[in-house]
Structure formats: C-alpha cells, structure tokens
Amino acid sequence: MKFYNQNSNFDQNAAIILDNGSKFSYRQLFSLVNKLSSNFSNQKKSLFFICCGNNLETVIAYLAVMQTKNTAFLLSQDIADEELNTLVK
C-alpha cells in the first residue's frame with residue numbers, strides 16, 4: 001500500500017512543520033516512512049504498540065505501520081510500565 005505517489009506534484013510541499021520551524025516535505029516524510037517500514041514489511045501481520053508523543057517519530061511510526069497493512073495501537077507516551085507490560089502479555 002502506498003500513501004505517496006513518487007510522481008506527486010506535492011512532493012516538495014511541507015507535510016510536517018515542527019515546533020522549531022523545521023519543515024519536512026512529503027518526499028522527505030515518506031522516505032523516512034519507507035525506511036522504517038522496510039524493517040517489518042516481510043513479517044506476518046502484527047499489532048504494533050506505538051507510544052505516542054506530539055512529534056515526527058510518532059507520525060513516521062504510524063504511517064509505516066499503516067503502509068505495511070499492520071495494526072497500530074496508539075498509547076500515551078506517559079503510560080506506566082506496569083500498564084504497558086500488561087498489554088504486551
């Protein structure tokens with residue numbers, strides 16, 4: 001599944017703007033997504049727990065999971081270790 005058409009007219013447009021003003025184009029964003037998703041795209045379908053913050057890494061992780069047709073379970077980055085361990089078991 002591809003979210004991004006490599007021949008897109010929008011590849012240079014800003015997809016993400018960080019608090020510090022840094023900008024990531026759609027091309028840059030999906031390059032990072034493709035790099036991450038390549039690590040688990042050949043595995044069987046899985047549930048991925050993503051400890052979320054308001055940051056670029058969360059967006060990349062979520063899109064990578066979606067690109068590989070896996071399932072993302074979004075969790076607060078502040079989740080207690082005991083709660084996370086209960087979910088993993």
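Scored by the side chain to side chain contact (heavy atoms under 4.5 Å, CB included) test, K35 finds no partners at all (sequence neighbours excluded). Scanning for side-chain hydrogen bond (donor to acceptor under 3.5 Å, both in side chains) contacts around N13 gives an empty result, with sequence neighbours left out. Partners of N20 by side-chain hydrogen bond (donor to acceptor under 3.5 Å, both in side chains), not counting sequence neighbours, listed by chain and number: S22. By the side-chain hydrogen bond (donor to acceptor under 3.5 Å, both in side chains) test, S76 pairs with no residue at all, sequence neighbours left out.
Taking each heavy atom of K45 and T68 in turn, the nearest pair found is NZ-O, 3.0 Å. Heavy-atom minimum distance, A14 versus Y26: O-CE1, 3.8 Å. Contact record, Q28 with K23: OE1-O, 3.7 Å, taken as the closest heavy-atom pair. Shown here for L36 and A64, the closest heavy-atom pair between the two residues is CD2-CB, 3.8 Å.
For CG of N85, the number of neighbouring non-hydrogen atoms (other residues, nucleotides, ligands) closer than 6.0 Å is greater than 12.
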Review point. Yes or no on side chain to side chain contact (heavy atoms under 4.5 Å, CB included) for L56 and L29, after CA distance, side-chain angles and deciding distance?
Key: CA-CA 9 Å; L56 178 64; L29 174 63; 4.2 Å; yes
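Side-chain contact between T71 and V65 is absent, with no heavy-atom pair separated by less than 4.5 Å. V33 is not listed as a side-chain neighbour of V59, based on a closest heavy-atom distance of 4.5 Å or more. Contact annotation: the side chain of F30 never approaches that of D11 to less than 4.5 Å [non-hydrogen atoms, C-beta and beyond].
Cluster note: L87 groups with L47, F49, F73, L75, I79, L84, V88 through ILVMFWY side-chain heavy atoms spaced under 4.5 Å, whether in direct contact or through intervening members.
Taking CZ of F24 as the start and CD1 of I17 as the end, the distance is 11.5 Å to the nearest 0.5 Å. In this structure, the separation between CG on L74 and SG on C52 is 4.0 Å, given to the nearest 0.5 Å.
Y62 and F48 have their aromatic ring centers separated by at least 6.0 angstrom.
Sorted by first and then second residue, the side-chain hydrogen bond (donor to acceptor under 3.5 Å, both in side chains) pairs with a member in residues 51-60 read N55-T58; sequence neighbours excluded.
Residues Q67 and S37 have side chains that bring a donor and an acceptor to within less than 3.5 angstrom of each other.
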